[in-house]
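Before any comments, here is the structure.
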Amino acid sequence: MSTDTLSKSKDKIDVPKLYKVLLLNDDYTPMDFVIYILRRYFRKTAEEAETIMFEGHSKGAAIAGIYSFEIAETKVSQTHSAARQEGHPLRCVVEPE
């Protein structure tokens with residue numbers, strides 16, 4: 001009786017590179033709207049959204065979330081679209097982590 005040994009090949013799985021979505025502070029977008037965006041599109045709790053909003057307000061920018069590139073770009077597009085519909089200049093950008 002012959003016993004064959006199966007060798008396991010270790011396949012390397014490429015983990016997608018992650019990107020930060022940064023909300024940029026401006027002097028015109030209401031704080032309540034920023035919190036709405038963080039809750040609606042970034043799925044933050046009320047407390048998390050408020051913390052992020054105040055960080056952006058005091059530091060000029062804050063991380064809204066970290067995602068794969070495609071998801072990050074979608075979040076930026078959703079944010080810009082919602083802001084423009086309401087007449088706000090809110091901006092966010094994608095940066096490599």
Side-chain angles (χ1 to χ4, degrees):
M1 183 160 139
S2 171
T3 305
D4 293 325
T5 304
L6 297 176
S7 62
K8 293 183 179 180
S9 65
K10 293 187 178 184
D11 295 330
K12 288 188 178 184
I13 299 173
D14 289 335
V15 177
K17 189 172 178 180
L18 296 177
Y19 295 82
K20 299 180 284 191
V21 177
L22 297 174
L23 281 178
L24 306 179
N25 184 52
D26 64 66
D27 293 331
Y28 305 101
T29 303
M31 292 179 179
D32 288 341
F33 184 76
V34 175
I35 290 171
Y36 163 77
I37 290 293
L38 288 164
R39 296 197 68 202
R40 170 76 169 89
Y41 298 110
F42 296 91
R43 301 289 186 222
K44 302 299 181 186
T45 65
E47 294 79 21
E48 290 170 327
E50 190 171 309
T51 299
I52 294 167
M53 181 274 299
F54 278 122
E55 181 179 337
H57 183 69
S58 64
K59 295 182 179 179
I63 298 172
I66 300 172
Y67 310 95
S68 66
F69 183 75
E70 292 79 11
I71 293 173
E73 283 288 309
T74 298
K75 302 280 185 191
V76 168
S77 177
Q78 291 171 326
T79 298
H80 288 170
S81 178
R84 297 314 166 261
Q85 284 180 343
E86 295 297 318
H88 302 305
L90 181 63
R91 291 189 50 239
C92 53
V93 295
V94 174
E95 288 185 358
E97 183 176 53

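No experiment lies behind these values; they were computed from the predicted model shown.
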Any side-chain to backbone donor/acceptor pair from [X] onto [Y]? Under 3.5 Å, distance only.
{"X": "His80", "Y": "Cys92", "value": "yes"}
{"X": "Thr74", "Y": "Glu70", "value": "yes"}
{"X": "Ser58", "Y": "Phe54", "value": "yes"}
{"X": "Lys17", "Y": "Phe69", "value": "no"}
{"X": "Arg84", "Y": "Leu90", "value": "yes"}

Tell me whether the rings of Tyr36 and Tyr41 are parallel (<30°), tilted (30 to 60°) or perpendicular (>60°). perpendicular

Roughly how far apart are [X] [atom1] and [Y] [atom2], rounded to 0.5 Å?
{"X": "Ile52", "Y": "Ile63", "atom1": "CD1", "atom2": "CD1", "answer": "9.0 Å"}
{"X": "Leu18", "Y": "Glu95", "atom1": "CG", "atom2": "CD", "answer": "14.0 Å"}
{"X": "Lys44", "Y": "Glu50", "atom1": "NZ", "atom2": "CD", "answer": "15.0 Å"}
{"X": "Lys75", "Y": "Ile66", "atom1": "NZ", "atom2": "CD1", "answer": "13.0 Å"}
{"X": "Ile35", "Y": "Met53", "atom1": "CD1", "atom2": "CE", "answer": "4.0 Å"}
{"X": "Asp32", "Y": "Ile37", "atom1": "CG", "atom2": "CD1", "answer": "12.0 Å"}

Grab the two heavy atoms, one from [X] and one from [Y], that are nearest each other, plus how far apart they are.
{"X": "Ala62", "Y": "Gly56", "result": "CB-N, 3.5 Å"}
{"X": "Lys20", "Y": "Pro96", "result": "CE-O, 3.6 Å"}
{"X": "Asp27", "Y": "Asn25", "result": "OD1-ND2, 4.4 Å"}
{"X": "Ala72", "Y": "Tyr19", "result": "CB-CB, 4.2 Å"}

Do Leu38 and Glu48 have side chains that get closer than 4.5 Å, going by heavy atoms?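 Heavy-atom side-chain distance check fails, nothing below 4.5 Å.
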
Flag side-chain contact, heavy atom, 4.5 Å: Phe42 against Thr79: yes

When hydrophobic residues are tied together by side-chain contacts of less than 4.5 Å, even through go-betweens, does Phe33 share a cluster with Leu22?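 No; Leu22 is not reachable from Phe33 via cluster members.
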
Is there a path of hydrophobic side-chain contacts, each under 4.5 Å between heavy atoms of I/L/V/M/F/W/Y residues, joining Val34 to Leu24? no

